[in-house]
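Reviewing the structure listed below.
Throughout, numbering of the chain's residues begins at 1 and tracks the sequence.
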Amino acid sequence: MRKALTAIMAAAMVLSMAACNSTPSSSSQAAGGNNSGSTDSKADVAAVGDTKAEMRMIWWGSQTRHDYTQAAIKVFENKYPNITITPEFLSWDGYWERCAAMGASKSLPDLMQQDYKYITAYARNNQLVDLQPYVDSGILDLSDVAESAYTPGIVDDKLVAINLGMNTYCVLIDKEMFEKAGIELPTDTWTIADYEEICQKLLDKKDELGIKFPDSVGGFEVETLCYALREKDLFMYNQDGSESFGWEKEQGKQIILDHMKREKEWQDKGFIAPSAVRTEQNGTSVESNALVRGESAMFSYIWSNQAKAVTTAAGKNYYMVAYPNETEKKMQYIKPSQFLSVTSDSKFPEQAALFISEFTNNIDMNKELKAERGVPIAAKVREALGAEYDPDSIDKQVFDYVGRMSEIANSIWKPEPSALSAINTLRQNMLVSILEGGDPDTEFENFYTLAMDEFAAAEG
């Protein structure tokens with residue numbers, strides 16, 4: 001038990017023992033908020049739970065997540081029979097469009113799964129409830145959560161979301177294929193050069209292994225570009241909350257185009273899935289990835305909390321390793337996998353806050369959730385889950401991997417600007433165009449010009 005607890009505690013992004021009993025200080029939050037919670041007295045939590053409420057909850061994810069979350073909801077409803085929760089779930093592709101449409105008509109579900117990329121925009125549009133009053137009143141219990149685990153949910157001095165788990169980037173590797181090809185498994189400190197050498201060895205034995213390409217690649221994620229910028233001590237976006245890039249045009253252009261040209265070279269050599277395959281996979285459930293179908297030996301650009309869904313779909317465990325960088329120094333970071341927020345459209349904010357509290361602290365609910373969203377933030381939940389994991393399970397692998405990364409990962413950058421969604425689409429379009437033969441300089445100039453327009457529009 002002692003060894004398991006040690007590993008689990010390490011996995012929670014250096015959650016210090018001193019901080020584990022701290023909760024958000026009301027002095028660090030903006031007073032009030034768009035709810036009726038009181039910061040002066042403790043609420044009758046039992047009465048909140050006994051109040052009849054019919055709520056909706058929306059999230060994105062794989063079928064595995066859908067099944068686990070609905071099982072956890074049943075545990076909550078059994079404990080609070082007067083509260084019912086109607087689930088709504090989509091894949092990542094289409095989730096934000098659906099939420100934007102509901103937000104425009106002021107019909108967002110009571111409970112909304114949020115992402116670090118979009119939380120700032122929703123918070124500044126006053127679409128998320130400030131949860132601090134519910135923490136102060138005792139409805140939302142964060143007494144078993146370290147400060148470092150909940151502060152990512154603070155935007156403009158308001159606690160608008162609660163972290164659902166710790167998460168970090170990884171590469172999944174089919175160990176059987178590597179063994180068959182006579183390739184040694186890489187370590188967390190492998191480099192881009194190591195990666196390219198392995199891809200070539202896999203490509204040389206493509207027919208023997210029955211694969212189409214060495215690495216299926218998970219869509220067109222921005223994080224690897226962020227790593228490339230971080231290796232030059234730059235950020236994709238300014239860290240002061242402004243609507244702007246964190247680099248000067250010519251400086252950023254060189255780094256970005258070098259990064260995208262390398263992806264084009266990998267595609268042309270056959271190291272990674274072609275853009276058409278990546279476009280087909282992009283935004284869909286991870287179960288549809290070529291690794292699951294046995295068409296590749298690696299799956300890069302995947303979050304550690306998604307490993308459970310991939311292994312479940314494939315019926316086999318994979319080896320987890322850090323994403324390669326230019327040098328052995330890691331540029332990746334630990335981030336909240338997702339958040340859970342109460343929307344300003346909710347008619348039952350107290351009951352919604354209570355649900356988030358149970359989602360965070362209820363051990364039985366978390367046994368159903370199986371840490372699929374990431375390493376839990378409540379200490380007692382981490383201990384309870386860790387004690388049950390089989391040493392060879394993917395769950396144990398995820399806990400151990402996040403623990404390893406927490407010791408070497410860089411600090412996460414601040415939440416991205418409001419224009420993120422539009423600019424991310426422009427960045428993806430630029431990459432796809434380059435992969436399909438477009439002129440890199442022309443594509444970058446188009447991207448930069450349109451991005452500046454998006455920043456200007458976001459500033460109003």
Side-chain angles (χ1 to χ4, degrees), residues 168-219 221 223-224 227-228 231 259 262-275 277-278 281 286-304 306-332 391-405 408-409 435:
T168 189
Y169 239 173
C170 71
V171 178
L172 291 183
I173 290 175
D174 189 317
K175 294 183 291 185
E176 296 175 5
M177 286 193 184
F178 268 56
E179 182 177 354
K180 188 175 180 179
I183 301 173
E184 185 177 348
L185 292 171
T187 65
D188 290 327
T189 55
W190 64 327
T191 64
I192 293 295
D194 297 327
Y195 170 82
E196 292 177 337
E197 182 180 348
I198 287 175
C199 282
Q200 186 60 59
K201 289 179 178 179
L202 289 167
L203 193 63
D204 291 342
K205 298 194 175 184
K206 182 177 69 169
D207 294 338
E208 179 183 342
L209 298 173
I211 60 176
K212 294 183 177 180
F213 25 77
D215 191 353
S216 56
V217 187
E221 303 296 339
E223 277 74 17
T224 55
Y227 297 167
E231 287 190 304
H259 176 79
R262 184 169 61 198
E263 282 207 37
K264 178 69 163 59
E265 291 175 1
W266 288 352
Q267 176 183 270
D268 292 347
K269 289 179 179 179
F271 288 176
I272 63 176
S275 59
V277 173
R278 295 170 69 180
Q281 292 179 161
V286 291
E287 293 97 336
S288 65
N289 187 272
L291 179 69
V292 176
R293 301 195 299 265
E295 297 173 354
S296 71
M298 295 188 288
F299 181 0
S300 296
Y301 306 178
I302 181 174
W303 292 106
S304 57
Q306 296 176 305
K308 178 76 173 182
V310 175
T311 57
T312 298
K316 64 192 299 185
N317 275 357
Y318 295 107
Y319 173 71
M320 298 181 68
V321 69
Y323 186 79
N325 292 116
E326 292 285 356
T327 67
E328 292 187 358
K329 182 181 179 181
K330 293 294 100 176
M331 291 297 113
Q332 66 191 85
D392 296 326
S393 68
I394 186 61
D395 307 278
K396 185 65 164 61
Q397 267 208 81
V398 171
F399 269 54
D400 289 348
Y401 176 72
V402 175
R404 299 199 310 269
M405 291 301 99
I408 62 176
L435 291 174

Is a side-chain donor or acceptor of [X] paired with a backbone partner of [Y] at a separation under 3.5 angstrom?
X: N289; Y: V292; result: no
X: S304; Y: T168; result: yes
X: D194; Y: T191; result: yes
X: D174; Y: M298; result: no
X: E326; Y: E231; result: no
X: Q332; Y: Y169; result: yes
X: Q267; Y: S275; result: yes
X: S296; Y: K212; result: no

Carboxylate-amine/guanidinium proximity below 4.0 Å for [X] and [Y]:
X: K396; Y: D392; answer: no
X: K316; Y: E176; answer: yes
X: R262; Y: E196; answer: no
X: R404; Y: D188; answer: yes
X: E197; Y: K201; answer: yes

Taking C-beta and beyond as the side chain, do [X] and [Y] meet within less than 4.5 Å on heavy atoms?
X: V398; Y: K308; answer: no
X: L202; Y: F213; answer: no
X: I198; Y: P186; answer: yes
X: K175; Y: Y318; answer: no
X: N325; Y: I192; answer: no
X: I394; Y: M320; answer: yes
X: L203; Y: F271; answer: yes

Rounded distance (nearest 0.5 Å) linking atom [atom1] of [X] with atom [atom2] of [Y]:
X: S393; Y: D400; atom1: OG; atom2: CG; value: 9.0 Å
X: L291; Y: T311; atom1: CG; atom2: OG1; value: 10.5 Å
X: I272; Y: K264; atom1: CD1; atom2: NZ; value: 10.5 Å

Could you report the tightest heavy-atom contact between [X] and [Y], atom names first, then the distance?
X: V171; Y: W190; result: CG2-CZ2, 4.1 Å
X: A322; Y: M405; result: CB-SD, 3.8 Å
X: V321; Y: I173; result: CG1-CD1, 3.9 Å
X: A290; Y: S216; result: CB-CB, 3.6 Å

* Asked: Only one of Y195, F299, Y301, Y401 clears ring-ring contact (aromatic ring centres under 6.0 Å, His included) with Y323; which?
  ->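 So, applying the ring-ring contact (aromatic ring centres under 6.0 Å, His included) to Y323 and each of Y195, F299, Y301, Y401, only Y301 qualifies.
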* For E208, does the CD atom have more than 12 heavy-atom neighbours from other residues, nucleotides or ligands under 6.0 Å away? ->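 Yes, enclosed.
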* To do: Determine, step by step, whether E263 and R278 satisfy the salt bridge (charged side-chain N to carboxylate O under 4.0 Å, His left out) criterion, reporting the C-alpha distance in whole Å, the side-chain angles of both residues, the deciding distance to 0.1 Å, and the verdict.
  => CA-CA 12 Å; E263 282 207 37; R278 295 170 69 180; 3.0 Å; yes
